[in-house]
There are 2 protein chains.
Amino acid sequence: MYRPDVRVLDCTIRDGGLMNDWRFSKAMVKDVFHALVRAGVDYIELGYRADKAQFSPEDYGPWRFCDEEDLREVAYPCDAKVAVMCDVGRTDPDTLLPADESIIKLIRVATYVQDMPKAIELGALAKSLGYEVSVNIMAVSHVLEPDLDRALDELAATDFDMVYLVDSFGSFYSEQIHYLTEKYLTRIGGKQLGIHCHNNQQLAYANTIEGVLRGITCVDATVYGIGRAAGNCPLELILPFLKNPRYDVRPVLDLIKTYFEALRDELRWGYEMPYAITGLLNKHPRAAKSLLQGEGPPTYGAFWDELLHVDDT
Amino acid sequence: MYRPDVRVLDCTIRDGGLMNDWRFSKAMVKDVFHALVRAGVDYIELGYRADKAQFSPEDYGPWRFCDEEDLREVAYPCDAKVAVMCDVGRTDPDTLLPADESIIKLIRVATYVQDMPKAIELGALAKSLGYEVSVNIMAVSHVLEPDLDRALDELAATDFDMVYLVDSFGSFYSEQIHYLTEKYLTRIGGKQLGIHCHNNQQLAYANTIEGVLRGITCVDATVYGIGRAAGNCPLELILPFLKNPRYDVRPVLDLIKTYFEALRDELRWGYEMPYAITGLLNKHPRAAKSLLQGEGPPTYGAFWDELLHVDDT
C-alpha cells in the first residue's frame with residue numbers, strides 16, 4: 001500500500017552511537033549522510049546535543065555532542081533535514097543557536113513522562129529559536145496510564161510539531177501499538193505522530209508497520225537496524241514497504257555492504273537472547289549487561305527466572 | 001492475551017535441516033526433542049520422509065528420511081506428538097506404516113497448488129493408515145487466486161485435520177496474512193488452520209502473531225528461528241506470547257545456549273541482506289545463492305536491480 005503522507009527519519013548515527021559511544025569517523029558519517037540523502041530520507045538524526053559539563057568530549061565521539069562545525073563537515077551542502085536529539089536534563093540549552101544560523105532543522109526532545117514539564121520548557125526554547133520540535137516519550141511501558149494521559153494533554157497544548165510513540169524496551173506487540181497509537185492520535189491535538197521501536201522481540205519493523213496502518217506519519221529507522229542492544233527498525237525494509245517513488249533503497253543497500261555488515265560483527269546489535277529476554281519481560285536492556293559480560297547466571301533459563309523476579313520483592 | 005486453543009509445532013530439525021542437509025547428530029536431536037517435550041510443545045517435526053530411490057542416504061543425514069528406527073532412537077518414550085513432512089512427488093508411500101505401528105502421529109503433506117490432487121491422494125493414504133494429516137500449501141504468493149481457491153475447496157472436501165498457510169518466501173505483510181487467514185478459514189470447512197512463516201523481512205514472528213489474532217490455531221516455530229535462509233518464527237518468542245501455562249520457555253532458552261548460538265555462527269540462517277532482498281521482491285531464496293557464493297553482482301543495489309527484472313522479460 002502506498003502511503004504518501006508517511007515520512008522517514010533515519011537515526012543510524014544517533015541510536016547506533018549508543019553501541020560505540022558515538023565513535024563513528026567523520027568520513028563514514030559523511031558517506032552515510034549523503035547516501036541517505038540520495039535514498040530520499042526526510043530527516044537524518046546525527047546524534048545528541050549532550051552537555052559538555054556533564055559528559056567529557058574525551059570519553060565520547062563527536063556525535064554525542066553534535067557541535068555545529070562537526071555537523072557542517074559531514075552534512076553540508078544538502079537538502080535533507082538534520083535532526084539532533086536533546087535528552088532532558090543532559091542538554092545545555094545555551095548551545096542551541098537560532099535555527100537560521102544552524103544546520104539543524106529538527107530538535108527531538110527525549111523525556112520520561114515524569115519530566116514532561118522540563119521537556120516542554122526545552123521544546124519551547126527550541127521552537128522559539130525557529131526549529132521544528134518533536135517530543136519523544138521514553139519507557140511508556142513502565143508508566144501508569146493517567147500519568148501518560150496527562151503528559152499527552154500537556155503536549156497537546158504546545159505548538160510543537162511532533163510527538164513520538166517509543167517502545168524503549170522492545171516489549172510491545174501489535175495490540176499495544178494499536179492501542180497506544182489510537183490514544184496518542186486522540187490526545188495530541190492534530191500534531192504529527194512518529195514511532196520509534198526496538199527489536200528485542202524481532203518486532204521493531206512489524207510494529208512500525210502496524211503504527212503506520214493506524215495513522216502514524218513519521219517512522220524512525222536505521223541502516224541494517226543498528227541501534228542500542230537489539231537495534232531498531234531496519235531502514236532497508238521500511239523504505240520498500242512505503243512504496244513512495246521519492247525513496248530509493250539502493251544507496252542504503254550499498255551502505256550495508258560497505259560499512260554495516262562488518263560493523264554488526266564488531267558491535268553485535270540485533271537479535272541476541274539476553275536482549276530478547278529483557279524485551280519479553282519488559283525490562284531495560286541494561287539488565288542483560290552482566291550476562292553479556294559473562295558474569296550473570298549460567299543459563300538463559302536461570303537468567304529468565306532472575307529477571308522475572310528481580311523487581312517483585 | 002491468553003489463547004488456550006493455539007497449539008505449537010516445532011519444526012527445528014525439519015526446516016533447520018535444509019541448512020545442513022539434515023546432518024544433526026542423534027545425540028543432539030534427542031536432547032532437542034526431550035527439551036521440547038519439557039517445554040510443552042504439541043508437535044515436534046523431526047524431518048522429511050524422503051524417497052530413497054530419489055535421494056541417496058549417502059548424501060544426507062538421517063532426518064531427510066526419518067526411518068522409523070531413527071525416530072524411535074531419539075523420541076521414545078514420549079508424550080509429545082512426532083510429525084514428519086512428506087513432499088508430494090518425493091515420498092515413497094509404501095514406507096508409511098499403519099499409525100499404530102509407528103511413532104509418527106502427524107503426517108504433513110507439503111505441496112504446490114498445482115499438485116493438490118497428488119497431495120490429496122497422499123494425505124488420504126496417511127489418513128487411512130490412522131495418522132493425523134495436514135496439508136501445507138507452499139509458494140502461495142506465486143499463484144493466481146482462483147487456483148488457490150479451488151485447491152482450498154478440494155481440501156475442504158477431505159477428512160484431513162489441518163491446512164497450513166505458508167509464507168514460503170517471507171514476502172507477506174500483516175495485510176496479506178489477514179486476508180489469506182480469512183480466506184483459508186472461510187474455505188476449509190472447519191479444519192484447523194496452521195501458519196508457517198519465513199523471516200526474510202523480520203516478519204516471521206509478527207505474521208505468526210497476526211495469524212493467531214485472526215483465528216489460526218496451530219503455529220510453526222523453531223528454536224532460535226533456525227530454518228531455510230532467513231529462518232522461521234522463533235519458538236522462544238511465540239511460547240511466551242501465547243501465555244499458556246502448559247508451556248515453559250526455559251528448556252528452549254537453555255537449548256539455545258547449548259547448541260543453537262554456535263550453530264547459527266556455523267550455518268548462518270537469519271537476517272542477511274541477500275535473503276531480505278529476495279523476501280522484499282517475493283523471490284525464492286535460491287535467487288540469493290550466487291550472491292552468497294561470491295559470484296553475484298558486486299553490490300546489493302545491483303543485486304536488487306537484477307532480481308527486480310529477472311522474471312520480467
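Not measured: the values here are computed from a predicted model. All chains are named by letter (A, B, ...) in the order of the sequence lines, taking the proteins before the strands, and each is independently numbered beginning at 1.
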Residue selection (most heavy-atom pairs with chain B, distance under 4.5 Å) from A/Ala204, A/Pro240, A/Gly225, A/Gly301: A/Gly301
Interchain contact, B/Glu175 with chain A, by part (heavy-atom threshold 4.5 Å): side chain
Contacting moiety of A/Leu237, where chain B heavy atoms sit under 4.5 Å: both
Cut-off 4.5 Å, heavy atoms of chain B, and the answer for A/Leu213 is side chain
Run the side chain to side chain contact (heavy atoms under 4.5 Å, CB included) test on B/Tyr173 and A/Phe241 for me, step by step, so that the C-alpha distance in whole Å, both residues' side-chain angles and the decisive distance to 0.1 Å come before the verdict. CA-CA 9 Å; B/Tyr173 298 116; A/Phe241 171 80; 3.5 Å; yes
For A/Glu261, is it the side chain, the backbone, both or neither that has a heavy atom under 4.5 Å from a heavy atom of chain B? side chain
Chain B interface, residue from A/Thr258, A/Leu253, A/Asp248 that has the most non-hydrogen pairs under 4.5 Å: A/Leu253
At a heavy-atom separation under 4.5 Å, does A/Pro251 approach chain B through its side chain, its backbone, both, or neither? neither
Closest non-hydrogen atom pair between B/Tyr275 and B/Arg268, with its separation: CE1-O, 4.3 Å
With A/Ile226, which of A/Asn20, A/Leu263, A/Leu18, A/Ile256 fulfils side-chain contact (heavy atoms from CB on, under 4.5 Å)? A/Leu263
Between the side chains of A/Tyr247 and A/Asp42, is a donor N or O closer than 3.5 angstrom to an acceptor N or O? yes
If you count heavy-atom pairs under 4.5 Å with chain A, which of B/Ala302, B/Pro234, B/Gly270 comes out on top? B/Pro234
Hey, would you say the B/Phe169 and B/His284 ring centroids sit under 6.0 Å apart? yes
List the atom of A/Val37, the atom of A/Cys78, and the distance in Å for their closest heavy-atom pair. CG2-CB, 4.4 Å
Taking B/Tyr224, B/Tyr271, B/Phe303 one by one, which has the highest count of heavy-atom pairs under 4.5 Å against chain A? B/Tyr271
With a 4.5 angstrom heavy-atom cut-off, which part of A/Asn199 approaches chain B: side chain, backbone, both or neither? side chain
Begin with the C-alpha distance, continue with both residues' side-chain angles, and end with the deciding distance and a verdict on side chain to side chain contact (heavy atoms under 4.5 Å, CB included) for A/Asn200 and A/Leu280. CA-CA 8 Å; A/Asn200 301 61; A/Leu280 281 161; over 6 Å; no
Which answer fits A/Val252, side chain, backbone, both or neither, if we ask what part of it has an atom under 4.5 Å from a heavy atom of chain B? neither
So, the side chain of B/Trp269 versus the backbone of B/Asn232: is there a donor-acceptor pair under 3.5 Å, distance only? no
Using non-hydrogen atoms only, which part of A/Glu236 is less than 4.5 Å away from chain B: side chain, backbone, both, or neither? both
